[in-house]
Amino acid sequence: MIRVMVVDDSRLVREVLKDILEQDAQVQVVAEAENGAEAVDRCAELRPDVILMDIQMPVMDGIEAVKKIMESNPTPIIILSATVHPGEVRSAFSAIRAGALDALAKPRGLAIAENYAEVAQKILARIKLYALVGKRKGWGKGGEGGAPALSDIPIRSTKVVAIGASTGGPRTVVDVLSSFTKEFPCPILLVQHMSSGFMAGFAEWLNREIEMDVMFVEEAMVLEPGKVYIPPDGYHMEVARGAAVLKEGPPVQSCRPSVDVLFKSVAKEYKDRAVAILLTGMGKDGAAGSLAVKKAGGTVIVQDEATSVIYGMPKAAVDLDAVTLEVPLGSISAAVAQAVGGETNEVETEPVKQAAHEILVVDDSATMLAMVSDVLINHGFKVRQAENGKLALEEVVRSRPDLVLLDVMMPEMDGYAVCRRLREDREYLPVLMITAKGDPHDLVLGMEAGADDYISKPFEEMELIARVKSLLRIRTLQKQLYTQNSELEGKNKELERLAHALDSANKELTLLSVTDGLTRAYNHRHFQERLRAEFSRAERYATVLSCILIDLDHFKKVNDSYGHPAGDQVLIRIVEILKESVRNEDLVARYGGEEFVLLLPETGGARALNLAHRIRERVQGELIPISKDEEVSITISLGVSNYAPNGTINSPDQLISAADEALYRAKNNGRNRAELA
């Protein structure tokens, strides 16, 4: 079961998305959140597999929420952008830069039933894909510290660089290209698979993220060094006679633009001067094009599995034997610089001398034990010995060797049982099984028991040493990581404590900045911010929005008769009544003096007027204590206004003005009443 959290400030949108997702038996919505701060807390509490995140939300927006989630509880996040308006697209890519994996556009009128099928298909497909990404070991813990700065590398070339990327690509592309300056000697052509409507926004966002100029190709453009060329939605991009040109044609590998189309044209035009880079992505687009580049004598560089979000496109090229270099993300920029003619100015240093690795050899044959030990000692390794499985386990606990060479057939406890026991330990210890058997079934049993490699007797000395060294390299890296993680664990605990204290203080400061000091209702400034945000959202989703202005009748008499402290008690109690009368998603704010305002998302005028009548009746029947022995009663007047699609109100200011006019009419008609604009 894939556990999903939906984050959107619209209750209606959350309900629609929940209905869409839970049509699939493999998906369960385990949490909802109406703002980014709530999403961060719920993610830490429930640890969902995937998060659907809106951008524009109160309290904390989607971009900040993505940053905090990826810092504390890395989780695959899909941004759902309400439109492909440039502002929304910029925000979506900022969220991707912060750590989100993808962005999809929600169609206008998401709640309309006819749109369900298309939305469900796209969102569910992404959720299932990214749920697998999130379960991958080490995902979300950061890469290699980013690409090296290459601005000082003297590169001079007449080559061209073509880049293809898909799932997880936008951040990866930035990591690669941010190392290059405008003096880069080649043009770069980029095909990034992306949801329809986002390509122009992606080009604009990339232009801000990197130093090189990003050119959005809308007609044939002559290629210039130091510039990046990106095609629009729905067109293939090719190179012809030194220019980037667009081509209308059928999708290739279900993609348009297609990486294969670009790479093949680059291979044909530039031959051995072509450099192709294939980055993270799902599918096989780019593999055939990579093979064309390699056959033409060009260079093909692909991102390795460990740093790819999805190791699909790179793997397809590797499987075709179409790759020159397979390197981690942090090394791609340097590899590109080398491929186009640069030289890295590395300083040679003396190698660090390390202590000899210690290897435990386990075999019930004294002859074999001696022979293997002699080979290892001659190659500079320290050796310990054990004659059976029980002694081997005791020796592992006592000496903690770096590697175990383990015979399969032994008395009391065979090699499979020993290997399974070793794998119960928390610390990783590589195991190389040595046996006289050559049956594939024995190989399978050994691997299932947890062996890292397998070699059969009789073996060649150099093969044994090569396998030993390979496993020891893995062991060395693992020990380094283990040490670093242990050190970081202590630091992280202290940072978590400090972060918790800081978060609590920030929440309190945030609350103080947006609330009225006396009544604890939201203040006028925060109301204005929310009013504009809710009005914009109502326009985007074609929903309704209501506003109620409230004024206390003859409040001056309370202050004059009982004093201002008594008046303060009345104001505090009125706010309590208002908060008790509305929903969680509604907003209660102090508009000024004895005036208050309610903002009611997704509420029509008739419902808002009914609410106003209920509040008025409750206040009228309330006796408010102002001292130990005294109580006062008060009445209120209310003005209600409503925004609806295609109505007469077209701005937040008009919504307030209409409510104010209705309130004025209520006062003129005798007070203690509610009027609808």
Side-chain angles (χ1 to χ4, degrees), residues 1-2 26 49 128 131-139 141 304-306 308 310-312 315 318-319 326 357-365 368-369 372-373 375-376 381 383-460 463-479 481-482 485:
M1 182 67 72
I2 301 173
Q26 300 178 37
D49 298 316
K128 291 177 180 179
L132 295 175
V133 173
K135 288 182 171 63
R136 197 173 68 201
K137 186 176 180 182
W139 180 86
K141 295 183 179 179
D304 71 354
E305 182 175 8
S308 294
I310 301 292
Y311 186 60
K315 182 179 185 300
V318 171
D319 291 345
E326 182 177 13
H357 290 287
E358 192 166 278
I359 300 174
L360 173 63
V361 182
V362 187
D363 201 302
D364 60 332
S365 167
M368 183 59 66
L369 204 59
V372 174
S373 298
V375 170
L376 294 173
F381 299 108
V383 175
R384 292 180 179 271
Q385 299 178 340
E387 299 173 357
N388 58 56
K390 182 179 178 183
L391 293 175
L393 292 174
E394 293 174 355
E395 187 63 37
V396 166
V397 173
R398 180 167 50 251
S399 62
R400 307 304 296 181
D402 298 303
L403 173 67
V404 177
L405 267 66
L406 182 62
D407 189 27
V408 172
M409 301 306 296
M410 295 184 295
E412 297 187 31
M413 180 184 293
D414 64 20
Y416 304 134
V418 173
C419 195
R420 282 191 289 269
R421 289 283 298 277
L422 291 175
R423 287 295 170 255
E424 294 174 0
D425 195 354
R426 180 170 177 262
E427 186 176 356
Y428 167 71
L429 177 61
V431 174
L432 174 61
M433 279 195 165
I434 304 179
T435 180
K437 290 191 173 185
D439 189 339
H441 180 65
D442 294 314
L443 171 61
V444 172
L445 288 176
M447 294 304 180
E448 288 180 345
D452 297 279
D453 204 351
Y454 205 101
I455 189 170
S456 297
K457 307 172 191 175
F459 51 79
E460 294 290 335
E463 181 186 4
L464 174 65
I465 295 304
R467 292 179 183 273
V468 165
K469 288 182 177 179
S470 176
L471 290 176
L472 286 174
R473 281 195 295 271
I474 296 173
R475 171 64 168 166
T476 299
L477 291 172
Q478 189 275 338
K479 288 179 73 173
L481 288 173
Y482 185 80
N485 287 341

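Numbers here simply count residues along the sequence, with the first being 1.
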Original post:
With a 4.5 Å limit on heavy-atom distance, are the side chains of Val396 and Val404 in contact?
Top reply: yes
Original post:
What are the two closest non-hydrogen atoms of Leu406 and Gly415, and how far apart are they?
Top reply: CD2-O, 3.3 Å
Original post:
Among all residues two or more places apart in sequence or in another chain, which pass the side-chain contact (heavy atoms from CB on, under 4.5 Å) test with Asp319?
Top reply: Lys315
List, one per line, each side-chain donor-acceptor pair under 3.5 Å for residues 385-393, sequence neighbours excluded.
| from | atom 1 | to | atom 2 | distance (Å) |
| --- | --- | --- | --- | --- |
| Gln385 | NE2 | Ser373 | OG | 2.8 |
| Asn388 | OD1 | Lys390 | N | 3.2 |
| Asn388 | OD1 | Leu391 | N | 2.9 |

Subject >> Residues forming a salt bridge (charged side-chain N to carboxylate O under 4.0 Å, His left out) with Glu463, sequence neighbours excluded >> reply: Arg467
Original post:
Who are the side-chain contact (heavy atoms from CB on, under 4.5 Å) partners of Ala417, not counting sequence neighbours?
Top reply: Met413, Asp414, Arg420
Subject >> Criterion side chain to side chain contact (heavy atoms under 4.5 Å, CB included) on Leu464 and Leu432, from CA distance to verdict >> reply: CA-CA 9 Å; Leu464 174 65; Leu432 174 61; 3.9 Å; yes
Original post:
So, for Leu403 and Val468, which heavy atoms are closest and what is the spacing to 0.1 Å?
Top reply: CD2-CG1, 3.6 Å
Subject >> Any side-chain heavy-atom pair of Val318 and Glu326 under 4.5 Å >> reply: yes
Original post:
Do Asp453 and Ser470 have side-chain heavy atoms sitting under 4.5 Å apart?
Top reply: no
Original post:
If you take all heavy atoms of Gly450 and Cys419, which pair is closest and at what distance?
Top reply: C-SG, 3.4 Å
**OP:** Determine whether Asp363 and Val372 make a side-chain contact, defined as any pair of heavy atoms from C-beta on separated by less than 4.5 Å.
**Re:** no
Subject >> Side chain to side chain, Leu429 and Asp402, heavy atoms closer than 4.5 Å >> reply: no
Original post:
Who pairs with Ser399 by side-chain contact (heavy atoms from CB on, under 4.5 Å), at least two apart in sequence or on another chain?
Top reply: Glu358, Arg384, Glu395, Pro401
Subject >> Verdict with reasoning, Leu445 to Glu448, per side chain to side chain contact (heavy atoms under 4.5 Å, CB included) >> reply: CA-CA 5 Å; Leu445 288 176; Glu448 288 180 345; 4.3 Å; yes
**OP:** Taking side-chain contact (heavy atoms from CB on, under 4.5 Å) as the test, write out the residues that go with Asp452, two or more places apart.
**Re:** Arg423, Tyr428, Pro430, Val431, Leu471
**OP:** Measure the CD1-CG distance between Ile455 and Leu405 for me, rounded to the nearest 0.5 Å.
**Re:** 8.5 Å
